[in-house]
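A short worksheet on the structure shown next.
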Amino acid sequence: MNNIVILISGGGSNMAAIVKHAEKADWAKRFGARVTAVVSNKADAQGLVFARQHHLATAVLDHKAYPSREAFDVALMAEIDRLGGAGSATGQPALVVLAGFMRILGPAVVDAFPGRIINTHPALLPLFPGAHAVRDALVAGAFETGSTVHVVDAGVDTGPVIVQEAVAVLPGDDEASLHERIKVVERRLLAEVVTRIAKHGLTVHDRKVTIA
Ligand code: GRF
């Protein structure tokens, strides 16, 4: 079985979109793939409630409980391996999805799952990387921003792009209204990308992404 582990920090609506797709299209039977676990760095992440209701394994690793970024990364890697390795041929998850996971992964984590971590970002990368992408687009006076799904590399939001879609900035938009419209697009793009990867697999070579 190709196991998928999803990392969240909050509401988890992107994670929920993936899980609903997986259930509806019966990935387990059709593609031999399944979402096995949801990991959060926040105990009160709303998405954990959805994950438990959908009978997924969940884990909370509070980054504040670790003495260093490196120590958190080591614990996170072990947890991803444990939850994603169960019942998989490789002993590891086939894919790790950052779906609103608001921590930067250190190089040890990225190297442990090479080319197998993807992220959704609420802007048209390389524009507006970082934790405040929606606010930054508004401050810059952008007339459009959008959503990007990309492979995670050692940089911050610098990995190879898989798919992007623009979202117009409307007169009167504030951060909340613009982010909500972006998230509608994000959920669709991310669920589509993960479906394609569940079906075909993902390879990355010289920053070129192939899903086939
Ligand atoms: C998304 O916009 C994601 O790109 C950003 O945080 C938001 C998470 O939303 N990093 P949700 O938790 O999936 O609802």
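Residues: numbered from 1 along the sequence shown. All ligand and atom numbering here is 1-based and tracks the order in the structure.
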Give the intermediate values and the outcome of side chain to side chain contact (heavy atoms under 4.5 Å, CB included) for residues Arg116 and Val96. CA-CA 6 Å; Arg116 280 185 288 134; Val96 179; 5.8 Å; no
Nearest candidate to atom 8 (C) of ligand 1, where distance is taken over non-hydrogen atoms, out of Ala45, Ser40, Ala133, Gly100: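 It is Gly100 that holds the nearest heavy atom.
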Checking Glu186 against Lys183 for the salt bridge (Lys or Arg N to Asp or Glu O under 4.0 Å) test, could you report, in this order, the C-alpha distance in whole Å, the side-chain angles of both residues, the deciding distance, and whether it holds? CA-CA 5 Å; Glu186 276 194 296; Lys183 282 175 70 169; over 6 Å; no
Contact atoms of ligand 1, heavy-atom distance to Met102 under 4.0 Å: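 Atoms satisfying the 4.0 Å criterion: 10 (N).
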Could you tell me, atom by atom, which parts of ligand 1 come under 4.0 Å of a heavy atom of Gly11?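 What qualifies from ligand 1 is 12 (O).
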So that I can tick it off, tell me whether Lys20 and Glu23 are bridged by a salt bridge, with the cut-off set at under 4.0 angstrom between side-chain N and carboxylate O.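 No, no charged N to carboxylate O under 4.0 Å.
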Is the closest heavy-atom distance from Pro122 to ligand 1 below 4.0 Å?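 A heavy atom of Pro122 does come that close to ligand 1.
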Less than 4.0 Å is my threshold; does some heavy atom of Thr120 fall inside it relative to ligand 1?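 Checking ligand 1 against Thr120, which is what was asked, there is a heavy-atom contact under 4.0 Å.
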Among all protein non-hydrogen atoms, which one is nearest to [atom], and what is the separation to 0.1 Å?
atom: atom 3 (C) of ligand 1; answer: Glu186 OE2, 3.5 Å
atom: atom 14 (O) of ligand 1; answer: Ser13 OG, 2.6 Å
atom: atom 7 (C) of ligand 1; answer: His179 NE2, 3.9 Å

Can an N or O of Gly12 be found at a distance shorter than 3.5 Å from an N or O of ligand 1?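 Yes, since at least one N or O of Gly12 sits under 3.5 Å from an N or O of ligand 1.
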Quick check: closest heavy atoms across Ala86 and Asn3, and the distance to 0.1 Å?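 Reported closest heavy-atom pair: O-ND2, 2.7 Å.
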Heavy-atom distances under 4.0 Å decide this one: backbone, side chain, both or neither, for Arg187 against ligand 1?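 Under 4.0 Å from ligand 1, Arg187 contributes no heavy atoms.
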Is atom CD of Gln46 surrounded by more than 12 heavy atoms (other residues, nucleotides or ligands) closer than 6.0 Å?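 Count not over threshold, so no.
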side-chain contact (heavy atoms from CB on, under 4.5 Å) with Pro93: which of Asp81, Ile4, Thr36?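 Passing option: Asp81.
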Min side-chain heavy-atom separation Trp27-Arg34 under 4.5 Å: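 No. Closest side-chain heavy atoms not under 4.5 Å.
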